[in-house]
Amino acid sequence: MAKDLDELLDEVESKFCRPDPPRLGIVQRPRACGGGILSNDRNRAEAKENLRLTETFEKEDDLDSLINEIFEEPNFDKKTFKLKSKSSGNTSVKASIQGLGKSCSPVYLGGSTAPCGIGTSTSQRACDHLRCTACDFWVVSYDDYMWDKSCDYLFFRNNMPEFHKLRTKLVKKKGTRAYACQCSWRTIEDLTDLQTDHQLRWVCGKH
């Protein structure tokens, strides 16, 4: 009788106490089999521990992926970027070279009838980009005006380059051109080579 009872218990245990096959991603909770309250508490503790470990591993994986994303270099096309910067640099160099322009040779002054531009031995034009090397001012010019005889150094020193102040000493005269910097002034009627006036420190500031 005792033997039959043992066999029956073994059969029940094998059918109802056999653990199910583990499922991926799910922590199995083992069934209590004759363990009583103590066995249930132990199984619950183990299940909680397994769940905690699984969540920890998942958080660590997420953290690693975030760190990798932060330290990944952006996918720039370095070759294209370099080519663009190189071409823009060449453009700026060309622009600066063109900006240097040409100088008048020789430098001419002229009346209002003389055309302005780059003066050469074959194209006699009055330079309109004059600069004084003495006072470092650009030379201004006014067509069909002449300077009054009362002009002096202090007048130009105090009033250059304000036209509304300079006009108090400008006199209307057809065909003339009034030139002035901060330290020198001239009234020119005919085309004149600047080298013939040794007192002027004016040079072509390049066109």
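Quick caveat: nothing in here was measured; it's all calculated off a predicted structure.
Atom-to-atom distance recorded for Asp197:CG and Leu109:CG is 8.0 Å, nearest 0.5 angstrom. In this structure, OH on Tyr108 lies 10.5 Å from OG1 on Thr196, to the nearest 0.5 angstrom. Note that CD1 of Ile188 and OG of Ser112 are 12.0 Å apart. Values are rounded to the nearest 0.5 Å. Distance check, rounded to the nearest 0.5 Å: CG of Leu200 to OH of Tyr179 gives 11.0 Å. Remark: Asn159 CG to Thr168 OG1 distance equals 6.5 Å, nearest 0.5 Å.
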Practice task
Report the C-alpha separation of His207 and Cys104 in whole Å, then their side-chain angles, then the decisive distance to 0.1 Å, and conclude whether the side-chain contact (heavy atoms from CB on, under 4.5 Å) test is met.
Solution key: CA-CA 8 Å; His207 296 259; Cys104 295; 3.3 Å; yes
Exercise for the section: Step by step, work out the side-chain contact (heavy atoms from CB on, under 4.5 Å) result for Met160 and Val140. Expected result: CA-CA 9 Å; Met160 273 293 291; Val140 296; 4.0 Å; yes
Practice task
Any chance you could lay out the side-chain contact (heavy atoms from CB on, under 4.5 Å) test for Glu189 and Lys173, step after step, and finish with the verdict?
Solution key: CA-CA 10 Å; Glu189 189 170 0; Lys173 186 179 181 183; 4.1 Å; yes
Exercise for the section: Output, in order, the C-alpha distance, side-chain angles, deciding distance and verdict of ring pair (Phe, Tyr, Trp, His ring centres under 6.0 Å) for Phe156 and Trp147. Expected result: CA-CA 11 Å; Phe156 292 101; Trp147 293 114; 4.9 Å; yes
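Side-chain atoms of Ser123 never come within 3.5 Å of backbone atoms of Thr120 as a donor-acceptor pair (strictly under, hydrogens ignored). Judged by distance alone, with hydrogens and angles left aside, the side-chain atoms of Thr133 form a donor-acceptor pair with the main-chain N or O of Arg201 at under 3.5 Å. Ser184 places no side-chain N or O within 3.5 Å of a backbone atom of Cys181 that could act as its donor or acceptor partner. Of the possible polar contacts, none joining the Trp202 side chain to the Ala180 backbone as a donor-acceptor pair under 3.5 Å is found. When atom types are taken as modelled, the side chain of Thr176 and the backbone of Tyr145 share a donor-acceptor pair closer than 3.5 angstrom.
Phe155 and Tyr142 fall within a single hydrophobic cluster, where Ile, Leu, Val, Met, Phe, Trp and Tyr side chains are chained together by heavy-atom contacts under 4.5 Å. A continuous path of hydrophobic side-chain contacts links Val139 to Val107 [ILVMFWY only; heavy atoms under 4.5 Å]. Cluster annotation: Phe137 and Leu170 are assigned to the same hydrophobic cluster (Ile/Leu/Val/Met/Phe/Trp/Tyr, side-chain heavy-atom contacts under 4.5 Å, transitive).
The two residues Arg186 and Gln199 come nearest to each other via the heavy atoms NH2-OE1, 3.4 Å. When every heavy atom of Arg157 is checked against every heavy atom of Gln182, the shortest pair comes out as O-NE2, 3.2 Å. Of all heavy-atom pairs spanning Leu166 and Pro161, the tightest one is CD1-C, 4.3 Å. Nearest heavy-atom pair, Cys183 versus Trp185, reported as atom, atom and distance to 0.1 Å: O-CZ3, 4.1 Å.
For Asp190, there are no salt bridge (Lys or Arg N to Asp or Glu O under 4.0 Å) partners two or more places apart in sequence or in a different chain. Shown here are the salt bridge (Lys or Arg N to Asp or Glu O under 4.0 Å) partners of Asp143, two or more places apart in sequence or in another chain: Arg177. Contacts of Arg131 classified as salt bridge (Lys or Arg N to Asp or Glu O under 4.0 Å), with partners at least two apart in sequence or in another chain: Asp136.
The environment of CD in Glu162 is crowded: more than 12 heavy-atom neighbours from other residues, nucleotides or ligands sit within 6.0 Å.
Two residues are said to be in side-chain contact when any heavy atoms from C-beta on lie closer than 4.5 Å; His129 and Ile118 fail this criterion. The side-chain heavy atoms of Lys169 and Ser150, taken from C-beta on, include a pair separated by under 4.5 Å. Here the side chains of Cys127 and Cys116 are not in contact, with every heavy-atom distance at 4.5 Å or above. The side-chain heavy atoms of Leu130 and Trp138, taken from C-beta on, include no pair separated by under 4.5 Å.
For the pair Lys172 and Asp144, the salt-bridge criterion is not met [side-chain N within less than 4.0 Å of a carboxylate O].
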